[in-house]
Protein chains: 2
Amino acid sequence: MVQYFRPPLDASFAALSDTTRRGVLEQLSRSDASITELAEKFHMTLTGMKKHVGVLEQAGLVTTEKVGRVRTCKLGLRRLEEEAAWIERYRQLWDARFNELDQIVEELKRKEKADGQKKRE
Amino acid sequence: MVQYFRPPLDASFAALSDTTRRGVLEQLSRSDASITELAEKFHMTLTGMKKHVGVLEQAGLVTTEKVGRVRTCKLGLRRLEEEAAWIERYRQLWDARFNELDQIVEELKRKEKADGQKKRE
DNA sequence: TAAATACTGAACCACATGGTTCAGTATTTT
DNA sequence: AAAATACTGAACCATGTGGTTCAGTATTTA
């Protein structure tokens, strides 16, 4: 289950690809919570929730600490910086690409028009 | 393989959770490419690359069109808007949460200091 | 000390993933 | 028409995922 050396972006995007896990992150941003509390909130067995928390922990998005019999989950130190950066950069590439294509279309239109002119001359 | 009704965020984050697929997106932002070209660039069989492209297509991040025997892959219409928005919102929650915790710590420090004063009085 | 609580680990399940090979089909190219 | 190219689908493989149950252990609480 542990997945030692997945590249960090792989791990965090994978962690974010599950509705329950995104929900847990939002929950923890409101207040720390025990496994039991999370399991109840998301209608799941303790064991099931433990696994989700494990995935989030592995990705550095959550940290946990056990005191007595209760394991408390908190937000981790990673703030999705790299993930935000990757997506932001992609959006810029996307924009650039579509602008480029637009220009090519414009170019073609102008040429067509010019050809039309020629024929009519 | 197809995964008909995965929520869109699930599908796109899952699509982004693989290094090869992120690479394909970057590649396509530079120029359209055939399956063969992508497969070569990423040292993979045609069949393997086809699957990755399938995942990206399913997530709306890539579109493909077959002309003759060549299937050309292009960037899709989704620009990772929702994904960026989710992450941005999370970062704000994260900030808020940590500020909150800081304030609690400050509060405790002040109290401690006050107690110290009292004892010394 | 007994009972309740909170978690943990192993084992299982069905299905997904990331890859492969192999055997096609359809479309160029020669 | 033959050969090369480009893809496609099925089948297989090992491993991961999202969940469960069951049988514990450790820690409170009564």
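Labels below follow one simple rule: chain letters A, B, ... track the order of the sequence lines, proteins then strands, and each chain is numbered from 1. Scope of the values below: all heavy atoms of this structure, side chains included, with no hydrogens, waters or symmetry mates.
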Whether Trp86(B) and Phe13(B) hold their rings parallel, tilted or perpendicular, with breakpoints at 30° and 60° | perpendicular

Compare every heavy atom of [Y] with every heavy atom of [X], then report the nearest pair and how far apart it is.
X: Ala84(A); Y: Ile87(B); answer: CB-CG2, 3.8 Å
X: Arg78(A); Y: Trp94(B); answer: O-NE1, 3.5 Å
X: Val62(A); Y: Thr64(A); answer: CG1-CG2, 4.1 Å
X: Cys73(A); Y: Ile35(A); answer: SG-CD1, 4.0 Å
X: Tyr90(B); Y: Leu80(A); answer: CD2-CD1, 3.2 Å
X: Ser17(B); Y: Ala14(A); answer: CB-N, 3.4 Å

What is the separation between atom [atom1] on [X] and atom [atom2] on [N], rounded to the nearest whole Å?
X: Asp10(B); N: dG18(D); atom1: CG; atom2: C1'; result: 12 Å
X: Glu40(A); N: dT5(C); atom1: CD; atom2: P; result: 11 Å
X: Met44(B); N: dT21(C); atom1: CE; atom2: C1'; result: 15 Å
X: Phe42(B); N: dT20(C); atom1: CZ; atom2: C1'; result: 19 Å
X: Met49(B); N: dA6(D); atom1: CE; atom2: P; result: 15 Å
X: Ile35(A); N: dT5(C); atom1: CD1; atom2: C1'; result: 14 Å
X: Phe13(A); N: dT17(C); atom1: CZ; atom2: P; result: 17 Å
X: Leu38(B); N: dA6(D); atom1: CG; atom2: C1'; result: 13 Å

Short side-chain N/O contact from [X] to OP1 or OP2 of [N], under 4.0 Å:
X: Lys50(B); N: dG9(D); answer: yes
X: His52(B); N: dT17(C); answer: no
X: Thr45(A); N: dT20(D); answer: yes

Could a donor-acceptor pair under 3.5 angstrom be found where the side chain of Thr47(A) meets the base of dG19(D)?
-> no

Scan Leu46(A) against the nucleic acid and name what it touches under 4.0 Å (heavy atoms): base, sugar-phosphate only, or nothing.
-> base

For Ser34(A), answer base if it contacts any base atom (sugar-phosphate contacts may also be present), sugar-phosphate if it contacts only those atoms, and nothing otherwise; contact means non-hydrogen atoms under 4.0 Å.
-> sugar-phosphate

Taking [X] for its side chain and [Y] for its backbone only, find out whether a donor-acceptor pair lies under 3.5 Å.
X: Arg79(A); Y: Arg91(B); result: no
X: Arg22(B); Y: Leu16(B); result: yes
X: Glu37(B); Y: Ser34(B); result: yes

Could you walk me through whether Glu83(A) and Ser12(A) pass the side-chain hydrogen bond (donor to acceptor under 3.5 Å, both in side chains) check?
-> CA-CA 8 Å; Glu83(A) 296 71 16; Ser12(A) 47; 2.5 Å; yes

Is Asp32(A) paired with Arg97(B) through a side-chain N to carboxylate O contact shorter than 4.0 Å?
->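 Result for this pair is yes, salt bridge flagged.
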
Nucleic acid contacts of residues 19-30 of chain B, taken as heavy-atom distances under 4.0 Å to DNA chain D | none

Stems involving DNA chain C: give each as a range paired with a range, ordered by first number, where a stem means at least three consecutive Watson-Crick or G-U wobble pairs under 3.5 Å.
-> C:1-30 with D:1-30

Listed in order of residue number, which residues of residues 63-73 of chain A have a non-hydrogen atom at under 4.0 Å from DNA chain C?
->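 Per residue number, the list reads Lys66(A), Arg69(A), Val70(A), Arg71(A).
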
